[in-house]
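Notes to accompany the following structure.
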Amino acid sequence: MAYDPSLIEPKWQAYWEENQTFRAEIDPAKPKYYVLDMFPYPSGAGLHVGHPEGYTATDIMARWMRMKGFNVLHPMGWDAFGLPAEQYAIKTGTHPRDTTQRNIANFKRQIKSLGFSYDWSRELDTTDPRYVKWTQWIFRKLFERGLAYQAEVPVNWCPALGTVLANEEVIDGKSEVGGHPVVRMPMKQWMLRITQYADRLLEDLEGLDWPEPIKKQQRDWIGRSEGAHVRFAIIGQAGTAIEVFTTRPDTLFGATYMVLAPEHPLVAAITTAGQRAAVDAYIERSARKSERLRQAELGEKTGVATGAFATNPVNGREIPIWIADYVLAGYGTGAIMAVPGHDERDWAFAKTFGLPIVEVVSGGDVAKSAWTGHGRATASGFLDGLETDAAKRKMIEWLEAKQIGRGTVTYKLRDWLFSRQRYWGEPFPVVHYSQGGSQGGSQGGADGRVELIPESALPLLLPELDDFKPKGEGFEAPLARVKSWIETTDAKGERVLRDANTMPQWAGSCWYFLRFMDPKNDTAPWSLEAERYWGPVDLYVGGAEHAVLHLLYSRFWHKVLYDLGLVHTKEPFQKLVNQGMILGESFRFYDDDVSDSARPGAARRYASADVEETDDGPVAKSDGRALKARWLHSSKIATDANGNPVHPEDPALPLERVVEKMSKSKGNVVNPDDVIREHGADAMRLYEMFIGPLEKAAPWSTEGIQGIYRFLQRAWRLFHSEEAGGDPSEESGGRSESRDTFRAPVPGTGTLEQRRLTAQTIAGVTDDLEAMRFNTAISKLMVFARDITKDMTKDITKDGTKDAGKDASSELALPRDSAEAFILLLAPMAPHLCEELWQRLGHAESLAYAPWPVADPAMLVADEITLVVQVNGKKRGEIRVPVDVSDAEAESGALALEAVQRILEGRKPKKVIVVKGRLVNIVG
RNA sequence: GCCCGGAUGGCGAAAUGGUAAACGCGGGCGACUUAAAAUCGCCUGGCCUCAGGGCCGUGCAGGUUCGAGUCCUGCUCCGGGCACCA
């Protein structure tokens with residue numbers, strides 16, 4: 001039998017399943033290792049080659065840690081609530097549950113075909129009522145602790161999706177999903193008080209083994225800034241004051257006007273009669289302003305004076321109060337003191353409206369632009385001469401002494417908008433008393449009392465529905481229409497209304513890693529025992545697109561659970577790794593058929609070099625006619641004599657190689673099913689790990705996997721010999737069955753060279769896995785497979801060029817020690833092949849728990865080494881020396897080289913540098 | 001605009017401040033074969049050279065060092081994130 005993954009792989013997948021090989025149980029005698037993938041949303045499109053990259057990396061770590069004696073928890077599940085299933089339901093009437101179940105089945109089949117060592121007995125699905133129950137249970141805890149509340153907030157309403165989106169889900173004024181327009185409008189919504197945890201979310205980043213850029217992104221997102229709150233009295237309105245937040249209290253002397261956000265509650269009260277019409281018009285206009293318009297107008301300053309004035313508390317000057325939409329209602333106090341000399345936005349505004357600009361910090365030229373850097377305070381009374389930091393401190397002291405302000409801290413982080421007007425999500429386990437309540441905001445209701453439904457009533461499940469469309473009039477949630485579900489009674493029989501909102505998709509993913517620890521528990525979300533043993537996640541791998549949202553939300557919930565004593569660590573994910581994206585490769589040309597329905601042959605084709613990109617799209621350089629880009633899949637292209645890609649029907653047309661995100665329209669999507677069918681799961685796993693560092697994006701190359709496949713065959717052939725039994729391809733049924741027979745390695749440890757190579761490979765692969773450098777680990781195993789049976793002693797001739805091939809053809813036998821080490825080293829990466837070889841070596845048990853090989857330290861040091869000889873830092877030769885050569889001997893050996901003498905031309909070296917075990921550098 | 005990454009052969013890449021390009025793809029030559037595929041071996045950064053060999057070479061320009069892909073300064077380009085956050 002030749003290497004045939006289609007026979008080996010299903011065999012071992014069945015074996016692992018039957019023997020429950022990867023079932024994890026709590027075992028206090030063993031150290032634990034919890035390795036987790038970001039669980040996928042099971043989309044209808046199925047797995048793409050990007051998914052298995054992270055899964056393979058975690059699987060290698062899981063299998064490796066098992067072999068190192070750890071008790072490994074490695075689960076998989078489904079983030080199964082989500083918009084696509086609901087949108088599919090709107091289109092087709094298929095219940096999202098059915099779509100979801102079907103997609104999960106497909107995902108599971110695909111993932112299983114890759115041979116990952118998941119403990120499938122722990123599989124979970126966030127839409128499962130047994131899971132929803134505990135998501136709702138956690139919401140109860142949040143509510144009880146005052147961390148969940150309802151508020152009328154301006155939200156991002158997306159009419160096309162029929163739902164409200166979180167700020168994070170809105171990109172450039174359009175929905176992240178689908179790119180539909182989004183408008184801002186006030187609605188009553190569930191909010192989670194994540195801001196209460198801002199400081200802890202910031203501080204606890206310290207101890208985490210996460211990529212620094214991700215930590216920074218989280219810090220920036222939380223956006224802590226220190227400054228001061230200052231109250232400005234309004235002239236003629238005794239007792240009213242405007243409070244502002246500033247990070248530069250040291251510039252207070254330079255505050256020449258104030259600005260309120262248009263939504264600021266004091267606007268109506270302070271506006272003078274003369275300005276009322278203009279102010280109202282401005283408020284009206286900015287409220288209607290779409291996100292897109294806001295984006296487009298960025299930088300242009302608009303605003304209106306209210307007619308009112310305030311007193312600058314440090315110098316008693318009267319300063320005008322304006323409203324302008326460059327001040328955001330949601331940050332700080334929604335009002336600012338404007339210091340045009342030292343803030344770019346204020347400077348631009350002051351220039352636009354002719355307001356005074358005063359320099360109070362030296363260092364720039366405020367006539368030309370705002371100076372935002374530090375410097376010495378000037379024209380600032382008691383601050384004069386102080387450096388910025390000292391000036392800030394002194395001003396805060398002064399404000400606090402006078403009781404007109406105080407040092408304070410603000411955050412960019414806002415409370416988390418936690419409700420969606422969708423069907424396919426977790427219902428809120430609450431009821432509303434009296435009329436109104438939150439019905440997706442449309443009824444805006446009286447502030448009826450909200451109460452949790454009893455724990456015993458969980459899970460609160462979704463009602464069945466046959467029409468999933470959001471209603472046309474305004475923004476009513478689908479659930480609001482289900483009167484039979486919405487209207488209910490409480491324990492005392494009082495009429496109450498359920499909440500028509502559902503939770504966002506984040507809810508389920510905020511705690512799934514905890515449920516994996518104890519997924520079948522009916523009496524608690526997880527047992528304390530399980531959490532104390534398995535928690536926290538030791539290694540978490542997923543895409544960088546979750547850098548802020550999922551990770552921040554999960555950390556927040558985790559901290560709440562920590563405060564409740566339900567988890568014993570402050571942080572959920574100790575080590576985080578972001579895998580890079582697998583990109584698609586395609587080949588581009590252009591043609592002048594700009595219609596979408598390309599008429600074959602009719603169009604004139606252009607190479608990329610003859611095309612120019614303009615604002616109106618690509619045009620031909622020659623005559624300027626409009627062109628359209630076309631893409632060819634790499635399997636469709638031809639190559640010219642030099643190996644360059646050309647169009648298959650037009651060999652004179654060079655193609656441009658393009659590497660980018662996989663998408664259907666570019667014809668560069670690779671389906672894992674196809675790859676596995678052709679090359680097997682082991683080859684796919686290995687290839688994804690081999691194309692480059694895990695964190696880096698890399699293109700999938702259809703040819704590249706061939707090299708990996710060859711390596712696996714080579715590994716197979718180390719243990720098999722082709723038998724010349726019978727004529728090959730003698731009408732043996734179409735397929736040429738080259739019959740290999742198992743060739744057992746010879747007992748023992750082999751030659752010195754073989755022992756060295758084996759030890760080096762063990763040490764190298766182990767180091768590489770430790771650092772998750774899978775690409776270099778694989779290359780070391782390739783070198784091993786190539787050289788282990790090669791008689792190296794014969795073909796090392798100093799210049800190596802002549803007839804090396806002839807001598808090298810003499811082959812050594814494969815020693816059993818080396819053979820076993822090789823199989824075990826390769827096993828985490830190519831488990832099917834290695835299990836098969838392991839069995840053929842005579843082992844009855846799976847190698848999943850076989851001990852990881854240890855390198856013989858004596859074999860890692862050579863007796864003789866090669867030193868590089870440099871003259872003035874440039875390589876001129878090398879010398880073979882004993883490993884313990886003295887510096888003097890190395891030096892004289894180097895100087896004896898003919899090449900060195902020639903270059904020195906009899907000069908005496910000025911200096912000789914000997915680097916132990918490395919080189920000799922002669923400076924002369 | 002701000003913040004993060006990144007830039008090394010035809011391509012994916014490797015390289016504790018110490019032999020740049022390991023390993024793989026692609027390409028070339030050869031072996032095996034009636035032939036092809038598969039497999040195996042060798043070659044494969046550029047330029048110069050009669051051999052020996054030499055010169056150049058890690059986005060650009062400098063610097064530190066006996067020695068720089070690696071460290072420092074200033075740029076260029078590409079990718080990603082954030083965006084009037086006071």
Side-chain angles (χ1 to χ4, degrees), chain A residues 2 172 211-214 216-217 220-221 223 225 227 244-248 251 259 294-295 297-301 324-328 330-333 335-339 343-346 348-349 410-414 544-545 547-548 581 585 639 641-644 657 659-660 687 690-693 695-708 710-711 713-714 717 722 728 736 738 773 775-776 778-783 786 801 803-806 808-809 866-878 898-899 902 910-913 915 917-924:
Chain A
D172 291 340
E212 225 20 79
I214 300 283
K216 188 168 175 354
Q217 269 190 65
D220 290 349
W221 190 264
S225 60
V244 302
F245 173 72
T246 176
T247 56
R248 294 294 300 271
T251 62
V259 186
R294 263 186 118 89
Q295 294 295 330
E297 284 185 356
L298 256 191
E300 289 171 39
K301 294 288 178 282
D325 63 5
Y326 84 91
V327 174
L328 307 176
Y331 183 76
T333 62
I336 61 158
M337 62 175 209
V339 184
D343 180 284
E344 278 161 23
R345 296 149 303 184
D346 296 344
F349 190 85
T410 16
Y411 302 89
K412 282 189 212 173
L413 183 70
R414 319 287 175 81
E545 66 273 21
V548 180
M581 211 184 319
E585 180 187 53
T639 48
N642 301 320
N644 296 316
R657 180 171 179 266
V659 171
E660 58 199 342
Y687 178 63
F690 186 65
I691 51 180
E695 300 81 3
K696 212 184 148 186
W700 178 277
S701 137
T702 313
E703 291 79 40
I705 197 169
Q706 291 289 347
I708 289 293
R710 273 176 216 146
F711 163 63
Q713 284 176 330
R714 179 169 225 156
R717 279 197 314 273
E722 240 175 292
S736 62
S738 67
R773 288 186 304 249
N775 53 336
T776 52
I778 293 165
S779 82
K780 288 181 175 89
L781 290 165
M782 286 174 165
V783 169
R786 186 191 63 194
T801 47
D803 291 331
K806 289 220 173 90
S809 65
T866 303
L867 288 186
V868 166
V869 177
Q870 297 179 334
V871 179
N872 295 327
K874 195 164 273 202
K875 186 190 169 189
R876 295 296 173 180
E878 33 186 66
E898 187 248 335
R902 194 177 61 232
K910 290 198 194 95
K911 191 175 171 187
V912 176
I913 290 147
V915 181
R918 281 280 178 188
L919 55 72
V920 181
N921 187 15
I922 296 155
V923 184

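Each chain gets a letter, A, B and so on, in the order its sequence line appears, and its residues count up from 1.
- Comparing A15(B), C84(B), A13(B) by their nearest atom to the side chain of Ala698(A) picks out A13(B).
- A search for salt bridge (charged side-chain N to carboxylate O under 4.0 Å, His left out) contacts involving Lys875(A) returns Glu878(A), not counting sequence neighbours.
- Listed candidates were C84(B), G18(B), C3(B). Nearest to the side chain of Ile913(A) is G18(B).
- Map Ile705(A) and Glu585(A) each onto its nearest nucleotide of RNA chain B; the residue landing nearer the 5' end is Glu585(A).
- The base of C84(B) sits within donor-acceptor range of the side chain of Lys301(A), with an N or O pair under 3.5 Å.
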Every protein N/O lying under 3.5 Å from an N/O of nucleotides 44-54 of chain B:
| from | atom 1 | to | atom 2 | distance (Å) |
| --- | --- | --- | --- | --- |
| G54(B) | OP1 | Arg876(A) | NH1 | 3.3 |

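- A cation-pi arrangement is absent between Lys301(A) and Phe349(A), since the terminal nitrogen or guanidinium carbon is not both under 6.0 Å from the aromatic centre and inside a 45° cone about the axis.
- Among the nucleotides C40(B), U19(B), C23(B), the one closest to the side chain of Met782(A) is C23(B).
- Because its glycosidic torsion is within 90° of 0, G52(B) is reported here as syn.
- With sequence neighbours excluded, the residues forming a salt bridge (charged side-chain N to carboxylate O under 4.0 Å, His left out) with Lys216(A) are Asp220(A), listed by chain and number.
- Comparing A13(B), A86(B), C66(B) against the side chain of Asn775(A) picks out A13(B) as the nearest.
- Residues passing the side chain to side chain donor-acceptor pair (under 3.5 Å) test with Asn775(A), sequence neighbours excluded: none.
- Scanning for ring-ring contact (aromatic ring centres under 6.0 Å, His included) contacts around Phe245(A) gives His229(A), with sequence neighbours left out.
- Thr776(A) meets the side chain to side chain donor-acceptor pair (under 3.5 Å) test with Asp768(A); sequence neighbours excluded.
- Applying the salt bridge (charged side-chain N to carboxylate O under 4.0 Å, His left out) criterion to Arg876(A), with sequence neighbours excluded, gives no partner residue.
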*State the dot-bracket string of RNA chain B. Criteria: Watson-Crick or G-U wobble, both atom distances under 3.5 angstrom; notation: ( ) intrastrand, [ ] crossing earlier pairs, | interstrand, . unpaired.*
(((((((..(((.....[....)))((((((.......))))))((((....))))..(((((..]....))))))))))))....

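- Contacts of Glu585(A) classified as side chain to side chain donor-acceptor pair (under 3.5 Å), with partners at least two apart in sequence or in another chain: Arg657(A).
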